[in-house]
Amino acid sequence: SARDLGVGGAGITWGPNLSAWQQVSPSFVPARRCATNGNTATRTVYGRTVYVVMADLDGSTGQFSITIDGNVQGTYSTAPAAAPISTTFQNFTAQPHLYAFRNLSDGQHTVVVTVTSATAGGNTVELIWMGGVAADNDQGPKVFVGGVIQTNGYGAITDAMVAAYNAAIQTEVRNFQADGLNVYYVDVVGYVRKGTDIVGDLIHANGTGHTHMASAYLHAMDPAAATI
């Protein structure tokens, strides 16, 4: 089910040499990394959609293939040309990559990630998790994803940029909904006023703004909820 995603390596068989798959440091990153050609990570998942989440951690440049039920889906790089936005925390930079394989039979699948780059210290491949999403997941948890709020003229950020970013978020939410996940978009822009609800740094919500943001989430969860 969608709740059986193998986060942090749960249910994954690391081989042929387990010691080649090292736990990423710092430990708050739930990933293992490997720079040895031919090493694999294998997991049995269930569902009609398979997710594999890899990462580019501090500039790694490894390559890997993803195989589902013996069929190679493709060979990929941990540093793709169209790299996503990176996140830096405690001087540690990460760029996660989600690979989604859809329209599979709604059943059991064997997923294998294989390191294909040459064995070298800089050719590391980082795997965060892999899992499947069942067709019928009505009883699964619900996730509410909020858009970003408008700013009071912070830097070069315009309302059009915010709208484009939120449109991209909505597209991803719809993709996850089509996969069978209970994911919902929250339109916080419709609740947080850019003039009076933003603090002096021009970008973050003040107390009133957070109250209005809470109302947005309440209404998303229950349209009949009262505004707070």
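Reckoned from all heavy atoms, side chains included, excluding hydrogens, waters and symmetry mates.
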*To the nearest 0.5 Å, how far apart are CG in Asn123 and CD in Gln63?*
7.5 Å
*asked:* Strictly distance-based, threshold 3.5 Å: is any side-chain N or O of Asn166 a donor or acceptor partner for the main-chain N or O of Val148?
replied: yes
*asked:* Treating Thr119 as the side-chain partner and Asn37 as the backbone partner, does any N or O pair qualify as donor plus acceptor under 3.5 Å?
replied: yes
*Where do Ile12 and Ala41 come nearest, in terms of heavy atoms and distance?*
CG2-CB, 3.8 Å
_Treating Thr158 as the side-chain partner and Met161 as the backbone partner, does any N or O pair qualify as donor plus acceptor under 3.5 Å?_
yes
_Ring geometry between Phe176 and Tyr51 (parallel below 30°, tilted from 30 to 60°, perpendicular above 60°)_ = perpendicular
*Does any N or O in the side chain of Asn39 come within less than 3.5 Å of the main-chain N or O of Val115, such that one atom is a donor and the other an acceptor?*
no
*Sub-3.5 Å donor-acceptor pair from the side chain of Gln177 to the main-chain atoms of Val183, do we have one?*
yes
*On the 0 to 90° scale, with breaks at 30° and 60°, tag the Tyr99-Phe64 ring pair as parallel, tilted or perpendicular.*
perpendicular
_Looking at every non-hydrogen atom in both residues, tell me the closest pair between Ile198 and Gln150 and how far apart they are._
CD1-O, 3.8 Å
*Sub-3.5 Å donor-acceptor pair from the side chain of Thr114 to the main-chain atoms of Ser65, do we have one?*
no
*At what distance, to the nearest 0.5 angstrom, does CD of Gln22 lie from CZ of Arg32?*
7.5 Å
*Flag side-chain contact, heavy atom, 4.5 Å: Leu104 against Asp69*: no
*May I ask you to decide if Thr40's main-chain N or O and Trp21's side chain share a donor-acceptor pair within less than 3.5 Å?*
yes
_Gln23 side chain vs Ala31 backbone, donor-acceptor pair below 3.5 Å_ = yes
*Check whether any side-chain heavy atom of Val52 lies under 4.5 Å from a side-chain heavy atom of Val111, and answer yes or no.*
yes
_Would you say CZ of Phe144 has more than 12 non-hydrogen atoms from neighbouring residues, nucleotides or ligands within 6.0 angstrom?_
yes
*Less than 4.5 Å apart, any side-chain heavy atom of Val143 and any of Leu181?*
no
*Shortest non-hydrogen contact from Pro16 to Gly38?*
CD-O, 4.0 Å
*Does some side-chain heavy atom of Asp197 sit less than 4.5 Å from a side-chain heavy atom of Thr211?*
no
*Closest approach of Asp56 and Thr78, non-hydrogen atoms and distance?*
CB-O, 2.9 Å
_Quick check: do Met54 and Val113 have side-chain heavy atoms less than 4.5 Å from each other?_
yes
*Quick one: closest heavy-atom pair of Ile149 and Met213, and the distance?*
CG2-CE, 4.0 Å
*Does the side-chain contact (heavy atoms from CB on, under 4.5 Å) test come out yes or no for Ile66 and Phe101, once each step is laid out?*
CA-CA 10 Å; Ile66 297 176; Phe101 304 94; 3.8 Å; yes
_Closest approach of Gly147 to Ile169 (non-hydrogen atoms, all atoms of both residues)_ = CA-CD1, 4.2 Å
*Between Thr42 (side chain) and Thr110 (backbone), is there a donor-acceptor pair under 3.5 Å?*
no
*What about Val192 and Met221, same hydrophobic cluster or not, with Ile/Leu/Val/Met/Phe/Trp/Tyr joined at side-chain heavy-atom distances under 4.5 Å?*
yes
*asked:* Please determine whether side-chain contact (heavy atoms from CB on, under 4.5 Å) holds for the pair Val186 and Tyr184, giving the CA-CA distance in whole Å, both sets of side-chain angles, and the decisive distance to 0.1 Å.
replied: CA-CA 7 Å; Val186 181; Tyr184 306 91; 5.8 Å; no
*Asn206 side chain to Thr208 main-chain N or O, any donor-acceptor pair under 3.5 Å?*
yes
_Val50 and Met130: CA distance, side-chain angles, deciding distance, side-chain contact (heavy atoms from CB on, under 4.5 Å) verdict_ = CA-CA 7 Å; Val50 167; Met130 59 177 80; 5.7 Å; no
*Do His219 and Tyr191 get their side chains close enough for a donor-acceptor pair, meaning under 3.5 Å?*
yes
